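What follows is a set of notes on a single structure, which appears directly below.
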Amino acid sequence: MTGRSALGLPSTSPFSPNFGRAPQSLVGRDDLLADLGGGLATGPHDARYTSVLMGVRGSGKTVLLSEIEDRAAADGWVVLSLDAGTPGLLDRIVQTVRNADRTYEALGMANPARTRSAERSVGIRLGPLAGQISVTEHDDRLTHMGLREYLTFLAQAARRSDTSVLLTVDEMHGIDRTEGRRLSNDIQHITKRGNMPLAFVGAGLLEMKTTLLQDRKMTFFHRCEHYEMPPLDASDAMIGLASPIRDAGGTITDEALELAAKAVGASPYKLQVIGDFAWRIAGAPEKSIDAVAARTAVQAADKDVRKKVALPAWHDLSRTDQRVLVAVASIDGGASPQVVAQRAGLSGDHAQESLSRLRKTGYLDRPRAGTYRLTDLVPLATVLDEGAILDETDSGAAPLCRQWMPQSNAYCILNQGHSGGHRSRHRAG
Ligand SMILES: Nc1ncnc2c1ncn2[C@@H]1O[C@H](COP(=O)(O)OP(=O)(O)OP(=O)(O)O)[C@@H](O)[C@H]1O
Ligand SMILES: [Mg+2]
């Protein structure tokens, strides 16, 4: 949409500061795409034909999944894309297949293989099978099939057309345990035992390592090839910022680019947020993005990332893991398990367990054996702020309101059920 509207001016920013939106310039993923793509192209006997992508929030899992789907669809694959964020995944897979012909008709997709991932919610792209999969209420044999039969039916049809099915499941960490077990068994049966062309790529948070990948009844997921989202490096950040700006007719000074790229760190989401703020603050494309705009953008992006990534990640943790994170944050220059145990009031074994879990799930890294430190996921300032709130709640005082106040970027620190407006630690909300 361009031009003036009653609602205001549409943004011209070439960045995508939203989760799940394909960026204009996808950086730092070539090796992973080549490796995983090679596995898919090789076929069911290749370990990478069934893969799981893992990474922290905003590391680009959904975008990568969409890119893989697009590439498979462009090769004429049948693509089924689902997410496990809400219960009922298995029913949704069945319904998606059952409604495939109607979905296509309704959307008027003449050539589904070419539709872009923006239509992820469509759920299925039939490629060469378009028009051949007709699962109607009148067909009794098909209406009474279960998940395994549907997937087998699709895989058989794909094989006849000399192609493959790709099933993708996003937000896998949220999968209902019973559904996860069934899905795991069904794919294992069809792809591994039956050697049928049904490929699988799942994506989810690193916490899967300590939950569903350890479940003995979901061994299939454990045996999938596992990929961790690679952190962006300095040149990825430079290219990811500079190329959308240039393509959209804007300019950025060398100093501003260096400053902004340095602040991106490893995170694709942060890259998009910094780029978007810098573009808008500078008034690009008419004005060049200079160091002042870049510096202000970095500060604004820090607040946004805290709210959208760091705080949700903090609240995903158990009380014990939060306490351990606070203990690590309070120790300068790397924390040893013994000191952490002491400060968090835990036994040595419990502290060690928690430290390993926090490392596996991306909250901590271990620069040297036996020494832990915070990553950028929940940065020092956030851990300390949130730790202070933990202390207040644990001290036996009345529970706090904790209403989030976006404008002050803080929680309400008044007691639950307070009268009047909310108030943050620093100022009135
Ligand atoms: N390789 C990349 N290069 C540049 N930008 C990217 C890349 N990958 C993702 N992004 C951008 O980062 C943001 C987050 O991506 P995405 O939604 O895929 O993350 P996610 O890992 O799925 O997050 P969540 O765990 O919250 O679902 C989006 O704005 C997207 O455009
Ligand atoms: Mg996602």
Side-chain angles (χ1 to χ4, degrees), residues 11 13-37 52-71 81-86 116-118 120-121 168-175 201-209 211 226-248 260-261 263-280 297 301 304-316 361-363 375-378:
S11 169
S13 162
F15 293 97
S16 53
N18 297 304
F19 291 89
R21 279 260 323 274
Q24 231 179 64
S25 168
L26 183 81
V27 291
R29 299 295 177 248
D30 290 351
D31 291 350
L32 203 165
L33 279 165
D35 193 49
L36 207 158
V52 175
L53 309 170
M54 287 180 277
V56 297
R57 289 170 193 278
S59 56
K61 302 175 293 296
T62 302
V63 160
L64 197 63
L65 217 48
S66 298
E67 179 66 24
I68 293 163
E69 290 166 6
D70 285 352
R71 291 182 180 203
S81 53
L82 277 300
D83 86 73
T86 49
R116 289 274 312 157
S117 58
R120 205 185 146 75
S121 59
T168 69
V169 177
D170 201 1
E171 307 281 332
M172 238 179 102
H173 54 272
I175 203 166
V201 183
L205 295 177
L206 288 160
E207 70 188 47
M208 286 195 291
K209 285 186 190 169
T211 55
H226 295 168
Y227 291 93
E228 283 197 25
M229 297 302 292
L232 297 188
D233 65 21
S235 58
D236 298 329
M238 287 272 198
I239 298 167
L241 288 166
S243 104
I245 292 171
R246 193 190 45 233
D247 293 349
V264 163
S267 164
Y269 177 70
K270 197 165 178 190
L271 185 160
Q272 299 302 326
V273 179
I274 291 179
D276 186 61
F277 273 121
W279 181 272
R280 290 188 291 126
D304 178 281
V305 172
R306 173 183 149 91
K307 197 165 82 186
K308 310 253 180 69
V309 176
L311 285 175
W314 169 264
H315 289 292
D316 281 343
T361 49
Y363 291 81
T375 60
D376 289 340
L377 178 57
V378 188

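Numbers for residues simply follow the sequence, beginning at 1. First listed ligand is number 1; within each ligand, the first listed atom is number 1. Keep in mind the model is a prediction, meaning the values are calculated, not measured.
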Kindly say whether Ala263 contributes a backbone atom to a donor-acceptor pair with the side chain of Lys270 at under 3.5 angstrom?
yes
Could you tell me whether the side chain of Thr168 and the main chain of Gly202 form a donor-acceptor pair under 3.5 Å?
no
Looking at Phe19, I'd like to know if the NZ or CZ of Arg21 sits under 6.0 Å from its six-membered ring centre while staying within 45 degrees of the ring's axis.
no
So, does Gln272 use its side chain to make a donor-acceptor pair with the main chain of Ser16 at under 3.5 Å?
yes
Side-chain donor/acceptor of Asp236 to backbone N/O of Asp233, under 3.5 Å:
yes
Do Pro17 and ligand 1 have an N or O pair less than 3.5 Å apart?
no
Between Leu26 and ligand 1, is there a nitrogen or oxygen pair with a distance under 3.5 Å?
no
Ser13 side chain to Asp276 main-chain N or O, any donor-acceptor pair under 3.5 Å?
no
Contact check, side chains of Val201 and Leu65, non-hydrogen atoms, under 4.5 Å:
yes
Does CG belonging to Asp316 count more than 12 external heavy atoms closer than 6.0 Å?
yes
Which of the numbered atoms in ligand 1 are below 4.0 angstrom from a heavy atom of Val56?
21 (O)
What residue and atom, counting heavy atoms only, is the protein's closest point to atom 29 (O) of ligand 1, and at what distance?
Ser16 O, 2.5 Å
Distance filter under 4.0 Å to Gly20 heavy atoms, resulting ligand 1 atoms
16 (P), 17 (O)
Which atoms of ligand 1 have any heavy atom of Glu171 under 4.0 Å away?
27 (O)
Option with minimal heavy-atom separation from atom 8 (N) of ligand 1, where the choices are Gly60, Pro230, Gly240
Gly60
Measure the distance from atom 5 (N) of ligand 1 to every protein heavy atom, then report the residue, atom name and distance (to 0.1 Å) of the closest one.
Gln272 NE2, 2.9 Å
Please list, in number order, the atoms of ligand 1 under 4.0 Å from a heavy atom of Phe19.
17 (O), 23 (O), 26 (O)
Those atoms of ligand 1 less than 4.0 Å from some heavy atom in Ser25
3 (N), 4 (C)
Do any nitrogen or oxygen atoms of Val63 come within less than 3.5 Å of a nitrogen or oxygen of ligand 1?
yes
protein heavy-atom neighbour closest to atom 28 (C) of ligand 1 works out as Asn18 O, 3.0 Å
For ligand 1, does Met229 get within less than 4.0 Å through its side chain, its backbone, both, or neither, judged by non-hydrogen atoms?
neither
Where ligand 1 meets Arg21 - atom numbers and elements under 4.0 angstrom, heavy-atom basis:
28 (C), 30 (C), 31 (O)
Does ligand 1 have a heavy atom under 4.0 Å from the side chain of Asp170, from its backbone, from both, or from neither?
neither
Below 4.0 angstrom from a heavy atom of Arg29, which ligand 1 atoms are there? Numbered from 1 as shown, please.
1 (N)
Answer whether the closest heavy-atom distance between the side chains of Arg29 and Pro268 falls below 4.5 Å.
yes
